[in-house]
K.L.:
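Here's a structure for you.
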Amino acid sequence: MTVVLGLALNVLVLAVGFVYLHTKLQRKFHPDAVLGEIKREVNSIIVELNQTTDRNIGLIEERIASLNAFSEKVDKRLAVLRREWEQYDTGTRVYTELKQYAAGGDRARRTPSVKSGETEPHNTDSRAGESGEQIGAAHEAQQNRDHIREQVVSLHRKGIAPNIIASRVGSTLGEVELIIALHAERG
């Protein structure tokens with residue numbers, strides 16, 4: 001009897017174990033359970049993709065801001081370059097005129113300064129047909145150049161550096177250095 005009782009007890013334990021495992025496996029591999037697990041995995045993948053996308057968008061926005069700042073710097077430098085080029089072009093023309101002036105050429109274009117009470121002598125050069133305004137403007141420009149030249153020479157004699165002279169008279173450093181060099185050749 002003990003053998004039969006032991007056998008019955010084993011069969012009962014196996015039956016309970018079978019029912020327990022069967023229910024557990026059925027729950028785990030039931031289509032709804034599998035579908036729920038797949039949905040959870042897909043949702044976690046979507047969350048990771050959203051986080052990665054947000055990070056990448058942030059990086060792209062940083063790069064765009066960086067490029068915009070760089071573009072603004074380039075625009076500012078181009079504006080400075082344009083101004084410098086215009087000054088260089090103007091300086092080149094002035095250097096040419098100063099060189100001609102220093103060489104004694106084109107004396108007909110130079111107008112003597114008019115002292116108070118004196119009248120200006122008549123020009124007999126090619127500008128005789130020009131209007132009075134053009135002649136006046138040319139005369140003013142020449143007087144302005146002469147005034148700048150005198151200022152540069154005066155400041156140079158006082159021992160002031162050429163870059164400071166250039167900023168004081170509103171001219172380029174190259175123009176100031178040229179005026180100083182031409183003055184040194186004459187004197």
Side-chain angles (χ1 to χ4, degrees), residues 1-99 137 140-141 144-145 147-149 151-156 158-184:
M1 184 101 136
T2 56
V3 175
V4 174
L5 189 60
L7 192 57
L9 191 57
N10 278 338
V11 169
L12 183 65
V13 169
L14 283 174
V16 170
F18 175 76
V19 170
Y20 175 75
L21 285 176
H22 185 277
T23 0
K24 192 161 185 165
L25 288 175
Q26 221 175 10
R27 281 185 195 161
K28 187 168 186 164
F29 293 112
H30 190 271
D32 291 335
V34 172
L35 188 61
E37 184 66 29
I38 291 173
K39 283 182 181 179
R40 279 191 297 277
E41 286 183 29
V42 167
N43 286 336
S44 70
I45 290 173
I46 288 173
V47 167
E48 286 180 31
L49 285 174
N50 285 338
Q51 290 172 345
T52 304
T53 302
D54 288 342
R55 183 180 53 89
N56 289 342
I57 287 173
L59 290 172
I60 289 172
E61 287 174 348
E62 287 177 18
R63 296 284 169 92
I64 288 172
S66 159
L67 285 174
N68 285 337
F70 183 71
S71 176
E72 288 175 12
K73 284 182 183 178
V74 167
D75 289 342
K76 287 178 184 178
R77 288 183 180 182
L78 283 174
V80 168
L81 179 65
R82 282 188 199 107
R83 284 194 306 267
E84 288 297 322
W85 181 255
E86 289 170 1
Q87 285 182 350
Y88 170 77
D89 192 37
T90 303
T92 304
R93 280 187 267 126
V94 169
Y95 297 154
T96 305
E97 290 176 12
L98 287 172
K99 185 177 178 182
E140 268 185 50
N144 188 28
R145 285 190 296 269
H147 179 69
I148 289 173
R149 192 177 312 119
Q151 281 182 316
V152 168
V153 171
S154 171
L155 292 171
H156 178 68
K158 292 178 182 177
I160 297 175
N163 59 343
I164 297 173
I165 294 173
S167 65
R168 282 192 186 174
V169 299
S171 184
T172 63
L173 179 61
E175 186 177 352
V176 168
E177 289 174 343
L178 179 65
I179 292 170
I180 291 169
L182 289 174
H183 178 73

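For clarity, every value in this text was computed on a predicted model and none was experimentally measured.
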K.L.:
With side-chain contact (heavy atoms from CB on, under 4.5 Å) as the test, would you mind laying out the steps for L155 and V176 before giving the verdict?
P.N.:
CA-CA 10 Å; L155 292 171; V176 168; over 6 Å; no
K.L.:
Taking only residues two or more places apart in sequence or in another chain, which ones pass side chain to side chain contact (heavy atoms under 4.5 Å, CB included) with R93?
P.N.:
D89, T90
K.L.:
Going by ring pair (Phe, Tyr, Trp, His ring centres under 6.0 Å), name the residues that satisfy it together with F18, two or more places apart in sequence or in a different chain.
P.N.:
H22
K.L.:
State, to 0.1 Å, how close I179 and R149 come at their nearest heavy-atom pair, and which atoms those are.
P.N.:
CG2-CG, 3.7 Å
K.L.:
Out of curiosity, L178 CG to T96 OG1, how far, rounded to the nearest 0.5 Å?
P.N.:
9.5 Å
K.L.:
How about I160 and R168: do any of their side-chain heavy atoms sit closer than 4.5 Å?
P.N.:
yes
K.L.:
Between S171 and E175, which heavy-atom pair has the shortest distance, and what is it?
P.N.:
OG-OE1, 2.6 Å
K.L.:
If you round to the nearest 0.5 Å, how far is CG of N68 from CG of D75?
P.N.:
10.5 Å
K.L.:
Between atom NE2 of H183 and atom OG of S154, what is the distance when rounded to the nearest 0.5 Å?
P.N.:
10.0 Å
K.L.:
Is the shortest heavy-atom distance from the side chain of I165 to the side chain of L173 under 4.5 Å?
P.N.:
no
K.L.:
Just by modelled atom types, is the Y88 backbone N or O under 3.5 Å from a matching donor or acceptor in the T92 side chain?
P.N.:
yes
K.L.:
As a quick check of understanding, evaluate side-chain contact (heavy atoms from CB on, under 4.5 Å) for I180 and V153, giving each step before the final call.
P.N.:
CA-CA 6 Å; I180 291 169; V153 171; over 6 Å; no
K.L.:
So how far is it from L12 CG to L7 CG, rounded to the nearest 0.5 Å?
P.N.:
11.5 Å
K.L.:
Does some side-chain heavy atom of E97 sit less than 4.5 Å from a side-chain heavy atom of R145?
P.N.:
yes
K.L.:
Assess whether side-chain contact (heavy atoms from CB on, under 4.5 Å) is satisfied between I38 and V42, documenting all intermediate values.
P.N.:
CA-CA 6 Å; I38 291 173; V42 167; 4.2 Å; yes
K.L.:
Look at the side chain of T52 and the backbone N and O of E48, then say whether any donor-acceptor pair between them is shorter than 3.5 Å.
P.N.:
yes
K.L.:
Between E86 and R83, is there a salt bridge with N-O shorter than 4.0 Å?
P.N.:
no
K.L.:
Say you draw a straight line from CZ of R55 to CD1 of I60; how long is it, rounded to the nearest 0.5 Å?
P.N.:
10.5 Å
K.L.:
Rounded to the nearest 0.5 Å, what's the gap from OG1 on T53 to CD1 on I46? Could you check?
P.N.:
11.0 Å
